[in-house]
Amino acid sequence: MHDVNVAPVEEPVSQTLEEVVNDFSVHVATVNGSGSQSSNLILLRALFEMGIPVSGKNLFPSNIAGLPTWYTIRASKYGFTGRKKETDVLVAMNSQTAEEDVESLSPGRAVIYDEPLHLNDLRQDLHFYPVPFDKLVAPVCPAPKLRKLVRNIIYDGVLASLLGIEMEEIRNAILKQFKTKPKAVELNWNAAVAGYDWAQEHLVKKDPFRFERMEGNKGKIIIEGNAAAALGAVFGGVSVITWYPITPSSSLAESAQEYLKRFRIDPETGKATFAVVQAEDELASIGMAIGAGWAGARSMTTTAGPGISLMSEFVGLAHFAEIPVVLIDVQRMGPSTGLPTRTSQGDFLSAATLSHGDTLHPMLIPATPEECFEFTAKAFDVAERIQSPVFVMLDLDLGMNYWTADKFEYPDWEMDRGKVLSEDDIEKLLGNWGRYRDIDGDGITYRTIPGNRHPQAAYFARGTGHDPDANYSEREEDWIRNMARIRKKMLGTRRLLPEPVIDDNPNARFAFVGAGTSNEAIRESRSQLLLEYGIETAYCRVRGWPFSHRTEDFIARHKRVYVVEQNRDAQLRTLLRRQFPVIHDHLRSICYFGGMPLDARTVTEAVVEEERL
Amino acid sequence: MHDVNVAPVEEPVSQTLEEVVNDFSVHVATVNGSGSQSSNLILLRALFEMGIPVSGKNLFPSNIAGLPTWYTIRASKYGFTGRKKETDVLVAMNSQTAEEDVESLSPGRAVIYDEPLHLNDLRQDLHFYPVPFDKLVAPVCPAPKLRKLVRNIIYDGVLASLLGIEMEEIRNAILKQFKTKPKAVELNWNAAVAGYDWAQEHLVKKDPFRFERMEGNKGKIIIEGNAAAALGAVFGGVSVITWYPITPSSSLAESAQEYLKRFRIDPETGKATFAVVQAEDELASIGMAIGAGWAGARSMTTTAGPGISLMSEFVGLAHFAEIPVVLIDVQRMGPSTGLPTRTSQGDFLSAATLSHGDTLHPMLIPATPEECFEFTAKAFDVAERIQSPVFVMLDLDLGMNYWTADKFEYPDWEMDRGKVLSEDDIEKLLGNWGRYRDIDGDGITYRTIPGNRHPQAAYFARGTGHDPDANYSEREEDWIRNMARIRKKMLGTRRLLPEPVIDDNPNARFAFVGAGTSNEAIRESRSQLLLEYGIETAYCRVRGWPFSHRTEDFIARHKRVYVVEQNRDAQLRTLLRRQFPVIHDHLRSICYFGGMPLDARTVTEAVVEEERL
Amino acid sequence: MSATTTAKRKKTGTPNRIGLGLDPYRGLKTTLCAGCGHNSISERIIECFFEMGIDPTQVVKLSGIGCSSKSPAYFLSMSHGFNSVHGRMPAVATGAVLANKQLLALGVSGDGDTASIGLGQFVHMMRRNVPIIYIIEDNGCYGLTKGQFSATASRGSLTKTGISNDLAPIDSCGLAVQMGATFVARSFSGDKKQLQAILKAALSHRGTAVVDVVSPCVTFNDHVGSTKSYKYVRDNKIPLQSIGFVPFFDEIHVEEDFAPGSVREVELHDGSLLRLEKLEEDYDPTDRLKALGRIEAAVEQGQIITGVLYVDTEMPSFTEMLNLDDLPLAQIGPERLRPPQSALNEVMTELA
Amino acid sequence: MSATTTAKRKKTGTPNRIGLGLDPYRGLKTTLCAGCGHNSISERIIECFFEMGIDPTQVVKLSGIGCSSKSPAYFLSMSHGFNSVHGRMPAVATGAVLANKQLLALGVSGDGDTASIGLGQFVHMMRRNVPIIYIIEDNGCYGLTKGQFSATASRGSLTKTGISNDLAPIDSCGLAVQMGATFVARSFSGDKKQLQAILKAALSHRGTAVVDVVSPCVTFNDHVGSTKSYKYVRDNKIPLQSIGFVPFFDEIHVEEDFAPGSVREVELHDGSLLRLEKLEEDYDPTDRLKALGRIEAAVEQGQIITGVLYVDTEMPSFTEMLNLDDLPLAQIGPERLRPPQSALNEVMTELA
Ligand SMILES: Cc1ncc(C[n+]2csc(CCOP(=O)(O)OP(=O)(O)O)c2C)c(N)n1
Ligand SMILES: Cc1ncc(C[n+]2csc(CCOP(=O)(O)OP(=O)(O)O)c2C)c(N)n1
Ligand code: SF4
Ligand code: SF4
Ligand SMILES: [Mg+2]
Ligand SMILES: [Mg+2]
């Protein structure tokens with residue numbers, strides 16, 4: 001059997017008492033709406049400032065307040081910041097899940113918990129630290145309504161004491177978080193100190209987990225992928241953004257709007273070089289983006305699975321009428337409404353050939369914030385170059401979680417506005433222009449932008465059959481010629497897309513192919529395979545579809561290639577097989593579709609089973 | 001190169017003067033809206049009644065009146081009633097296209113034309129028959145407004161005289177066509193006779209084409225695929241049809257409504273056992289059909305490509321919430337609005353995995369009116385059995401053109417209403433029921449219908465994650481278990497779908513795979529290959545997706561298998577390769593995407609080139 | 001204004017007309033925010049269906065997507081439910097009543113669900129007079145996606161992130177009256193007495209009964225007309241703003257004796273004011289033009305008019321127009337669904 | 001009623017204000033049916049844009065799908081055109097004017113396109129006051145798909161196939177006034193003088209100008225109110241019915257002096273009657289409530305009220321609300337679209 005569907009696998013129990021420094025996970029269980037996001041971010045930022053490679057993942061329900069939520073922080077001195085499946089340090093603040101959370105731990109782990117929950121009775125093989133949050137919160141927070149919130153900052157202090165997080169950095173993080181609100185800074189700082197002091201006095205360190213300053217974050221930033229993509233749009237020169245709210249993509253549009261307001265409004269006149277429109281639904285948002293792209297704007301829309309489905313008809317129009325538009329799909333778990341707050345890579349297939357009839361839409365697939373920034377900016381160039389919809393495929397894990405990243409490089413390339421004819425250009429062509437005439441032989445034709453004042457500039461865009469001059473045509477030859485040209489154009493697109501990142505290895509026993517956020521898990525799994533099994537592997541991370549020939553060559557070089565992806569039906573492998581049928585039998589599949597950010601252990605276990613290691 | 005895209009190829013010129021009996025094509029060029037459809041149908045029916053296997057294809061523009069339109073009749077004593085690419089007898093009534101129509105003929109062909117067009121000057125190598133239609137029409141049609149129409153009946157008479165069509169059958173056909181309108185019968189009959197008499201007197205037969213009574217249509221009917229599918233729905237027990245007008249599917253819903261009115265209204269009370277609703281758009285029509293399916297009706301909707309795209313989100317809901325609904329896609333040429341009146345098989349890929357996330361939707365693919373009838377009726381059984389959307393994939397050629405067919409067999413099977421629990425059933429289960437619990441291990445669970453009076457009957461249908469009891473759940477295990485079960489269910493579906501029709505042949509040099517309306521062309525092409533090249537072939541016509549294992553075995557047996565289909569991107573082959581990667585290299589591709597009904601010569605030429613025959 | 005504490009779950013007392021206690025009318029525990037107006041509406045539905053002795057097995061509860069659309073899980077546990085897709089519940093509900101015209105369809109939607117993405121379906125449902133009670137839980141924002149504007153947001157209001165709304169709100173009731181709904185009412189989630197009365201009236205209506213219920217979102221929306229006060233109040237009452245923090249509020253209720261014909265100001269959680277005007281007792285809701293006029297006039301005065309605004313009892317419902325069999329379509333057996341052999345023969349003969 | 005012959009193409013005469021002849025205002029030869037009201041509307045657009053001296057290169061003409069939506073190919077050949085998807089042209093038009101606020105957007109739609117599938121987009125476009133002249137070529141049916149009912153079909157009318165419509169029509173003008181359109185007018189395709197005047201007025205409006213033009217479909221529709229007469233007339237005038245036969249008709253025109261304040265009956269090709277009521281000259285179109293009332297009253301009297309029904313010149317258009325740069329967004333160069341290196345540095349520092 002070549003296909004493995006990965007169910008969660010338990011890591012082997014480790015009872016070690018040796019110190020574990022800068023290489024463990026902290027898992028905070030709270031109640032949604034209790035404001036724990038602030039305290040978790042403060043934690044994350046403090047660790048970041050201590051120079052420890054770190055990531056934070058929010059495992060939240062589709063709910064506003066009341067349901068259980070978790071935040072999991074992964075620190076790794078080796079720089080593996082994918083999710084760690086195992087929890088090492090649990091902070092149990094939520095009575096609804098506390099028992100289950102504790103039960104799921106491996107022996108030797110640490111539990112900080114709210115004293116009244118009495119979790120220490122549950123197991124003997126863990127290190128328990130009860131904390132009387134209610135008692136601690138009252139003196140530092142006079143307003144009862146806010147205590148629910150302030151309790152959470154207290155655990156930051158407790159963790160600082162227990163794990164060796166520098167209080168100085170906690171303070172800096174609080175300052176950063178509440179910069180404009182001195183009252184809030186004070187309240188939170190007092191709470192953190194209360195937690196810290198109390199823990200120093202009352203808790204005896206028993207567990208092996210400890211943080212220590214290192215130098216891992218020189219020149220780095222912390223950012224969510226959505227904000228990175230938003231910046232990419234802003235620095236990519238977007239001029240029209242249309243969107244409809246949907247998790248997990250809303251924050252992309254919202255932060256783009258904020259950055260645009262900041263950098264793209266003339267401070268003197270107050271006038272904007274952009275428009276951001278919240279549409280009435282996804283049919284309208286894609287329709288507006290297409291209208292704007294047709295009329296010469298750099299336009300984009302952002303959405304998630306249900307929106308992609310609704311946009312299907314319109315995307316076919318843009319493809320066929322050859323209108324540039326960028327679509328960002330921040331993938332969440334489908335089908336249907338599915339799990340709106342869980343991550344997935346389940347839209348590859350639908351995006352690639354969205355809409356009825358023969359269609360192809362290029363995809364750019366970033367795996368890091370840097371790539372979110374760069375690829376989003378580039379997507380506009382690709383879209384305007386090929387005059388077609390272009391997808392940027394993020395996912396919830398990448399988009400909504402905080403990642404450390406290198407500072408983004410200012411885009412040094414010139415914007416490519418594609419084959420656009422000015423009044424003068426038309427004049428020079430002496431009437432020898434047709435909107436859909438393939439003059440250059442690359443399938444890409446020249447367009448004019450409405451408003452062009454040349455009397456011959458106008459053409460008629462349509463979703464119906466047309467001849468090279470954009471006249472309505474039902475002629476068989478016109479149709480075939482046009483469709484063949486469009487295919488040629490689309491296949492040529494691969495040269496414009498980011499090349500795969502290949503880590504080849506002559507000693508590789510087998511290879512991995514992955515895309516997007518599977519990257520962290522694959523990287524770490526390769527290290528696990530090497531350290532634990534002595535097995536070397538190769539790795540090709542694809543970053544664009546249609547795939548590059550380099551990907552084909554890579555697969556051809558390796559007899560067993562595991563395609564790792566986060567969906568049920570091996571969608572990435574399906575696309576690989578479709579494009580490279582000849583090497584189809586090299587491709588195996590590791591599919592995880594549980595909605596959590598993929599972790600390395602899951603990949604390793606699956607490979608170990610397949611390879612019978 | 002394995003992929004061949006077929007552009008129209010000219011047939012070798014044949015200058016024969018030998019008689020050609022019952023094996024040629026008649027091509028009528030008229031103006032849209034001139035009512036020529038009636039005269040063409042009369043022609044078709046007369047030939048049918050003469051016992052000659054015959055088909056008629058309407059090549060019409062997306063227009064109501066004024067643009068050129070063609071009607072092409074294929075008669076074949078061998079029973080090959082696919083389109084013949086070559087025109088043998090041209091009736092040139094349309095001045096806009098007459099010259100081009102004449103230019104495209106091979107030598108030796110016959111042209112009946114409207115005298116003032118003076119077409120006989122154009123070429124020397126054709127047989128021309130000028131007819132003074134205006135002069136002939138005036139005496140038989142006093143109302144000038146109607147003369148445009150009546151002219152067309154005159155060519156029926158002329159053709160009867162020239163080609164040996166029996167006037168008696170012309171009369172019968174007129175009677176059938178205008179049964180309730182004696183005035184119309186008289187007018188038309190007089191016109192036909194006028195044409196016949198004039199031709200008898202003035203035209204000298206020079207061409208070799210002739211019709212002759214035979215016995216080819218015993219027990220046969222003439223019908224469009226849409227009407228056949230409509231009857232299938234009626235006799236399949238449909239109770240709710242929702243639709244939105246779109247070519248080429250509208251006539252399916254409209255004739256279903258007519259048949260339902262006739263057979264499913266109580267003559268005494270006037271009350272109906274069905275509802276047909278013209279929705280405000282496709283989002284609404286699929287939504288209504290889903291609501292009806294959920295609440296226990298046998299529901300269906302019918303549409304074409306643009307509608308399929310719009311239905312995408314809703315189809316994902318029905319798939320995931322597991323609601324039976326039948327979708328009929330009468331495929332037309334896409335992408336986008338494309339060529340609304342041209343045929344295609346371009347929606348296979350979009351239908352098969354419509355909507356975001358991991359989805360699968362079974363398809364039934366009829367090739368004949370008999371199968372339109374049977375498969376549509378069966379589709380309800382499949383949908384209710386697997387509680388999921390099921391697609392019936394027609395196309396414009398099948399749906400809107402007239403085909404000869406065997407009389408339909410009354411459905412002798414019992415309706416399968418699937419796993420539905422009554423009040424009693426629930427009682428017996430002693431609370432041991434959950435909407436999504438897989439009791440039988442086939443992935444198909446038991447459902448209750450709203451209105452069930454048992455206090456435990458209710459469940460909550462939703463597009464979000466749920467546990468086996470239909471409670472909202474975001475748990476990883478629940479999600480994985482549910483999705484794995486749904487896949488199991490869907491893959492099991494293939495056993496419920498029509499098996500492929502296989503014509504195996506131990507001497508086959510290579511094989512064909514096809515589906516739907518490619519059938520006629522493939523059948524005839526096999527005969528051409530045998531007669532003209534002495535080559536034997538095998539053939540497997542798939543009729544359902546996911547494909548049967550028999551299809552896999554067939555492909556495995558043949559090293560070179562040409563997958564013939566009517567789209568650009570080899571969609572059927574893509575699905576075959578996806579399901580059977582191991583034999584992917586057996587599969588080659590012949591894709592025609594010009595929008596005409598596929599003809600045999602196009603297939604043969606493509607194969608001949610590929611095989612270097 | 002008077003805010004009482006959250007309506008407590010009543011103890012199951014004496015059974016109702018059809019012998020059921022309150023329990024089958026309840027649902028799961030709500031997962032909406034404390035103080036959300038939607039919860040009050042759920043309570044009213046529970047009470048009203050219980051008191052009217054509706055058979056819950058003959059009810060279907062349908063919704064789109066949103067906080068409001070989640071609420072059918074929190075009442076009528078013995079009724080089949082369908083949480084469908086965003087904005088397109090009207091079509092699903094239409095299909096359901098076609099399949100079984102005996103079902104009592106209860107639709108619950110949000111203002112985003114109805115007036116933004118779902119506007120087309122909403123209008124066409126009304127035009128068909130589909131038999132359904134269609135409740136809009138109207139908070140002027142998208143609660144579930146964190147507070148963006150819906151099409152009923154008042155002009156000039158601000159989101160939490162400081163974006164202001166330049167567009168005029170759609171008045172769902174005005175639209176409903178114009179587009180052919182045959183029962184149109186508006187109420188406030190906190191007005192127990194009136195909302196109950198309206199729901200009961202809607203229960204006895206045969207066609208589409210649109211009930212627009214102003215239902216404040218305590219977490220995201222500075223409600224109708226509150227533009228000026230919002231920031232001020234927020235900044236002063238809550239000393240810090242923290243990502244993802246949802247303060248706990250009690251549900252708002254107005255006094256039981258808020259009299260017909262009077263205007264009442266209700267203070268919302270953020271300190272903004274809502275001006276409710278209750279229709280006078282002798283208001284004639286059968287005059288379509290007057291109803292329209294009255295609604296528009298209220299808008300101009302910055303008031304929210306409540307009560308039963310319009311009723312037309314003459315117009316047949318959609319299932320009546322279709323002249324359906326007495327038996328629900330879903331319950332008709334194969335023998336009547338499949339015409340006899342003779343019918344097929346008849347057609348075959350015609351086509352031969 | 002008076003039907004004159006089809007308006008002949010005028011010869012290119014003296015050039016207009018901007019020095020252009022009539023030719024650039026013309027389009028391709030129509031492929032609509034002879035006698036189709038849509039053709040008359042195209043003629044009026046040609047004349048009006050010529051006479052007003054509009055620069056056709058600065059016009060974009062947009063449409064959905066339908067016979068009506070085809071018509072932009074038949075006028076203004078020097079303008080960019082976009083024949084988009086069914087019912088969703090408003091979004092495309094909105095995007096286009098965002099990209100270039102200097103463009104004059106002319107939208108042409110059908111009643112099916114606007115009131116059936118496109119209703120939601122139509123409403124939201126009006127709510128935003130998107131600057132566009134939005135013409136509805138209203139024939140109460142789906143011409144292009146062969147005569148099924150649209151949502152503006154009058155109750156009780158029949159299709160060619162004998163199906164009757166049980167639903168009340170949507171009055172697009174009433175809806176428009178209610179949903180915030182700032183210019184709402186109705187005319188008849190055959191009323192040259194009035195339609196021209198209305199189009200000219202619409203040209204000087206800044207926001208959404210909805211112009212609903214009753215435009216009979218000669219091939220499929222037994223028009224508004226014609227229920228009784230249709231079958232009778234058809235059966236008597238045309239002795240036979242043949243699949244796909246479209247008889248030739250002349251376009252209908254009413255006399256030029258059809259006076260304001262009067263009612264005129266127009267006989268359609270099938271013999272049915274249309275009752276047009278022209279607004280009196282002193283009608284005040286700035287009163288929203290009165291406009292609504294007047295529209296509703298006409299409906300009740302079975303009349304179609306024509307003229308400029310409502311105008312609001314105060315409301316800023318959507319592109320004004322967004323406070324866009326003086327240069328159209330589409331024309332802003334890379335140097336202003338991409339913020340400087342310093343901006344990125346700033347953000348990076350914050351995030352570090
Ligand atoms: C097609 C689609 N688009 C977007 C969303 C995201 N979404 C979920 S709920 C919602 C808005 C709900 O607002 P409303 O109907 O007013 O309900 P409320 O939460 O305010 O009660 C949106 C936009 C979705 N689920 N589906
Ligand atoms: C998504 C989609 N559904 C259906 C159709 C088929 N269709 C084409 S035109 C039309 C109706 C047009 O009616 P209307 O807008 O009134 O224009 P008219 O032809 O009457 O001028 C329909 C349903 C389509 N093109 N696209
Ligand atoms: S976010 Fe608003 S609408 Fe949603 S549950 Fe909370 S208060 Fe109610
Ligand atoms: S079918 Fe009707 S709407 Fe279409 S072109 Fe003909 S007359 Fe006009
Ligand atoms: Mg809301
Ligand atoms: Mg129309």
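Just so it is clear: chains get the letters A, B, ... in the order the sequence lines come, proteins before strands, and each one is counted from 1. Remember, it's a predicted structure, so these values are computed and weren't measured experimentally.
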Please classify the contact of A/Leu260 with chain D as side chain, backbone, both or neither, using a heavy-atom distance under 4.5 Å.
neither

What option among D/Ile65, D/Asn83, D/Asp55 has the most heavy-atom pairs under 4.5 Å with chain A?
D/Asn83

Please test D/Lys70 against A/Tyr472 for side chain to side chain contact (heavy atoms under 4.5 Å, CB included), starting from the C-alpha separation and ending with a verdict.
CA-CA 10 Å; D/Lys70 282 181 173 187; A/Tyr472 182 74; 5.7 Å; no

A/Thr273 OG1 to D/Arg336 CZ distance, which is reported to the nearest 0.5 Å
6.0 Å

Using heavy-atom distances under 4.5 Å, tell me whether A/Phe48 contacts chain D through its side chain, its backbone, both, or neither.
side chain

When you compare the side chain of A/Phe314 with that of D/Val92, does any pair of heavy atoms fall below 4.5 Å?
yes

Looking at D/Leu103, D/Asn100, D/Thr319, D/Asn345, which one has more heavy-atom pairs under 4.5 Å with chain A than the rest?
D/Leu103

Which heavy atom of D/Leu329 sits nearest a heavy atom of A/Ser239, and at what distance?
CD1-O, 3.5 Å

Could you tell me if the side chain of D/Ser84 sits less than 4.5 Å from the side chain of A/Leu317, heavy atoms only?
yes

Show the nearest heavy-atom pair for residues D/Ile332 and A/Arg417, with the distance to one decimal.
O-NH1, 4.2 Å

Can you name the nearest heavy-atom pair linking D/Ala99 to A/Ala292, along with the distance?
CB-O, 3.5 Å

Which of D/Gln102, D/Met89, D/Arg128 touches chain A most, by non-hydrogen pairs under 4.5 Å
D/Arg128

Report the option among D/Ala330, D/Ala73, D/Ala91 that has the most heavy-atom pairs separated by less than 4.5 Å from atoms of chain A.
D/Ala91

So, taking the atom named CZ in A/Arg462 and the one named OG in D/Ser63, what distance separates them when rounded to the nearest 0.5 Å?
8.5 Å

Okay, side chain of D/Arg338, backbone of A/Gly236: is any donor-acceptor separation there less than 3.5 Å?
no

Structural part of A/Ile286 lying under 4.5 Å from a heavy atom of chain D:
neither

Between D/Gln121 and A/Glu280, is any pair of side-chain heavy atoms under 4.5 Å apart?
yes

Would you mind checking which part of A/Ala284 comes under 4.5 Å of any heavy atom in chain D, side chain (CB onward), backbone (N, CA, C, O), both or neither?
both

Closer than 3.5 angstrom, by distance alone: can the side chain of A/Lys407 be matched with the main-chain N or O of D/Thr349 as a donor-acceptor pair?
no

Picking from D/Thr94, D/Leu322, D/Leu324, which has the most non-hydrogen pairs under 4.5 angstrom with chain A?
D/Leu324

Taking every heavy-atom pair that is under 4.5 Å apart, which of A/Ile290, A/Thr404, A/Asp266, A/Ile449 has the most such pairs with chain D?
A/Ile449

Please assess D/Glu350 against A/Lys176 for the test salt bridge (Lys or Arg N to Asp or Glu O under 4.0 Å), listing each intermediate value before the final yes or no.
CA-CA 9 Å; D/Glu350 285 165 18; A/Lys176 193 144 198 166; over 6 Å; no

CE (A/Met288) and CE (D/Met125) are apart, to the nearest 0.5 Å, by 10.5 Å

Contacts of D/Arg88 that satisfy salt bridge (charged side-chain N to carboxylate O under 4.0 Å, His left out) - sequence neighbours left out:
B/Asp281

Kindly check if the number of other-residue, nucleotide or ligand heavy atoms within 6.0 Å of CD (D/Glu335) is above 12?
yes

Heavy-atom contact with chain D under 4.5 Å, split by part of A/Phe373:
side chain

Interface check, chain A: of D/Ser77, D/Pro24, D/Pro72, most non-hydrogen pairs under 4.5 Å belong to D/Pro72

Name the option with the most non-hydrogen atom pairs under 4.5 Å to chain D; the candidates are A/Tyr459, A/Phe263, A/Phe235.
A/Phe235

Measure distances from A/Glu49 to the heavy atoms of chain D and classify the residue's part below 4.5 Å as side chain, backbone, both or neither.
side chain

How about D/Gln341: does its CD atom have over 12 heavy atoms from other parts shown lying under 6.0 Å from it?
yes

Side-chain donor-acceptor pair under 3.5 Å between A/His454 and D/Thr57, yes or no?
no

Within residues 129-137 of chain D, residues adjacent to chain A where the heavy-atom gap is under 4.5 Å:
none

Please report the interatomic distance CZ(A/Phe408) to CG(D/Leu344), rounded to the nearest 0.5 Å.
8.0 Å

Is A/Arg264 in contact with chain D via its backbone, its side chain, both, or neither, using a 4.5 Å heavy-atom distance?
side chain

For D/Leu104, is it the side chain, the backbone, both or neither that has a heavy atom under 4.5 Å from a heavy atom of chain A?
neither

For the atom pair CD1 (A/Ile265) and CG (D/Asp325), what is the distance rounded to the nearest 0.5 Å?
10.5 Å

Looking only at A/Ala321, A/Ala405, A/Gly237, A/Ala461, most heavy-atom pairs under 4.5 Å shared with chain D are made by A/Ala461

Closer than 3.5 angstrom, by distance alone: can the side chain of D/Gln58 be matched with the main-chain N or O of A/Gly451 as a donor-acceptor pair?
yes

Look up atom CZ in A/Arg45 and atom CG in D/Leu351, then write down how far apart they are to the nearest 0.5 Å.
7.0 Å

Note: vs chain D, highest number of non-hydrogen pairs under 4.5 angstrom among A/Ala227, A/Ala279, A/Pro411 is A/Pro411

By a 4.5 Å heavy-atom criterion (distance strictly below it), what part of A/Val240 contacts chain D: side chain, backbone, both, or neither?
side chain

Who wins among A/Thr242, A/Ile223, A/Thr464, A/Val277 for the most heavy-atom pairs under 4.5 Å with chain D?
A/Val277

With a 4.5 angstrom heavy-atom cut-off, is it the side chain or the backbone of D/Ala343 that approaches chain A, or both, or neither?
both

Check whether D/Asn323 reaches the backbone of A/Gly270 with its side chain - one donor and one acceptor, N or O, closer than 3.5 Å.
yes

Under 4.5 Å from a heavy atom of chain D, the part of A/Ser299 involved:
neither

